[in-house]
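Position 1 is the first residue of the sequence, and the numbers go up from there. We count ligands from 1, going down the list as the structure has it; atoms in each ligand are counted the same way.
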Amino acid sequence: MLDLNEHSHRRLNPLTGEWVVVSPHRTKRPWLGQVEKPNVEALPRYDPECYLCPGNQRAGGHSNPIYSSVFAFDNDFAALRIDQPEARFDMDGLLVAEAERGVSRVICFSPDHSLTLARMEVAGIRDVIDKWAEEYAELGSRDLIGHVQIFENRGEMMGASNPHPHCQIWASESVPNEPAKEIARQNEYLERTGGCLLCDYFRIEIESGERVVCENDFFTAVVPFWAVYPFEVMVLGRDHRSSIDELGGDERNALADILKRLTTRYDNLFETPFPYSMGFHQKPTDGGEHEAVHMHAHFYPPLLRSATIRKFLVGFEILGSPQRDITPESAAERLRGLSEVHYLATGV
Ligand code: H2U
Ligand code: ZN
């Protein structure tokens, strides 16, 4: 009998086909680490130096309008551009390069510089979701765009250049590696079983409840069975939707609710703004059917125990497979035990 709480084992990520080594015995008492709290200065609601605040100047001579809810613009330092030729380079199939065209957008969640998803109103997050849906549909409808990646880097540690609440969208010609792997596995599962991989996985997690962090009528935040990062979470919908623009009004409100509750728990974990990279995986916009694709969000936070203990992939992890000491079950238990009232909330 394999004891998942005792024996070293490896777990399969059915979405990517990759394995993660789990060593539960290495951290018998994982939560005794000294928690160091950084001195987090309260941010101002408006920062005259911030290039994302309303009315301020950005690079390249642009000025932001005095916006009052969500505001999107073309990235002034776009990683992907549309105005280049289609071209390919191939030397004996060994040195291969292709032109990659696309569009880079920046979306400010709120005019309030001091906020985060965790501390925004659910109605404000709903506005962000509507904007995501609109951008996905608009960018995806362009002939050249085969895939739309929405992602948020939060915290300097994750490479966010600015604390103002914002995310990025990179819309590209080709489907990037991670979604490409996941789509191939979802297609293969549909062919093999006739069902949807993530609909079936969702049912297993709801039934067990062991890895569920929080849930509502439509969405669940779960530490995946195959999680690599200590507090990795997937946000999964109960109903089969392939992209965010397919979500109805109730579902969008439910997604806003779950995002707020999850990110509040994250911040409450070490009573510090919790860094992460998050993003949505949706169906490509290359004109294909992609009926197997079940949209979801991934949250990848690097922190292990406190604000100063970080999780990087090194040694065996970078040369072999990722590995973790804290089981997804115990991480979920820890997140479940936290309050959904933000530690910075006053008067509660
Ligand atoms: P990140 O915090 O995830 O880096 O996102 C901020 C983006 O804002 C970044 O991609 C862009 C950067 O290129 N940016 C502008 O478009 N205009 C500016 O004036 C500064 C930064
Ligand atoms: Zn700002």
Under 4.0 Å from any heavy atom of [X], which atoms of ligand 1 are there?
{"X": "Ser161", "answer": "1 (P), 2 (O), 4 (O), 5 (O), 6 (C)"}
{"X": "Ala160", "answer": "2 (O)"}
{"X": "Phe73", "answer": "16 (O)"}

Within less than 2.8 Å of the Zn ion (ligand 2), any N, O or S from His113?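 Here the distance criterion (N, O or S atom, under 2.8 Å) is met by His113, so yes.
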
Mind reading off the angle at the Zn ion (ligand 2) between the SG atom of Cys50 and the SG atom of Cys53, rounded to 10°?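 The two atoms subtend 120° at the Zn ion (ligand 2).
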
Does only the side chain of [X] get under 4.0 Å from ligand 1, or the backbone, or both, or neither? Count heavy atoms.
{"X": "Gln168", "result": "side chain"}
{"X": "Asp76", "result": "both"}
{"X": "Asn75", "result": "both"}

Between [Y] and [X], is there a side-chain donor-acceptor contact under 3.5 Å, judged purely by atom types and distance?
{"X": "Trp132", "Y": "Glu134", "answer": "no"}
{"X": "Thr220", "Y": "Glu205", "answer": "no"}
{"X": "Ser174", "Y": "Glu100", "answer": "yes"}
{"X": "His342", "Y": "Asn268", "answer": "no"}
{"X": "Ser277", "Y": "Asn153", "answer": "yes"}

Which single N/O/S atom of His164 lies at minimum distance from the Zn ion (ligand 2)?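 The Zn ion (ligand 2) is closest to the His164 atom ND1, counting only N, O or S.
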
Ignoring hydrogens, just give me the one of Ala59, Gly60, Cys50 whose non-hydrogen atom is nearest atom 19 (O) of ligand 1.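 The nearest heavy atom belongs to Ala59.
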
Tell me which protein heavy atom sits closest to atom 21 (C) of ligand 1, plus the residue, atom name and distance to 0.1 Å.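 It is Tyr51 CE1, 3.2 Å.
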
Tell me whether Arg88 is salt-bridged to Glu98, with the criterion being a basic N under 4.0 Å from an acidic carboxylate O.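 Here Arg88 pairs with Glu98 in a salt bridge, since their nearest N and O are under 4.0 Å apart.
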
Is His294 reaching over with its side chain to a backbone N or O of Gly237, donor-acceptor style, under 3.5 angstrom?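 At least one qualifying donor-acceptor pair exists.
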
Residue pair Ile169 / Glu135: nearest heavy atoms and the distance that separates them: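 Heavy-atom minimum between the residues: CD1-CB, 3.6 Å.
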
Contact check, His166 vs ligand 1, heavy-atom distance below 4.0 Å: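 Per 4.0 Å heavy-atom rule, His166 contacts ligand 1.
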
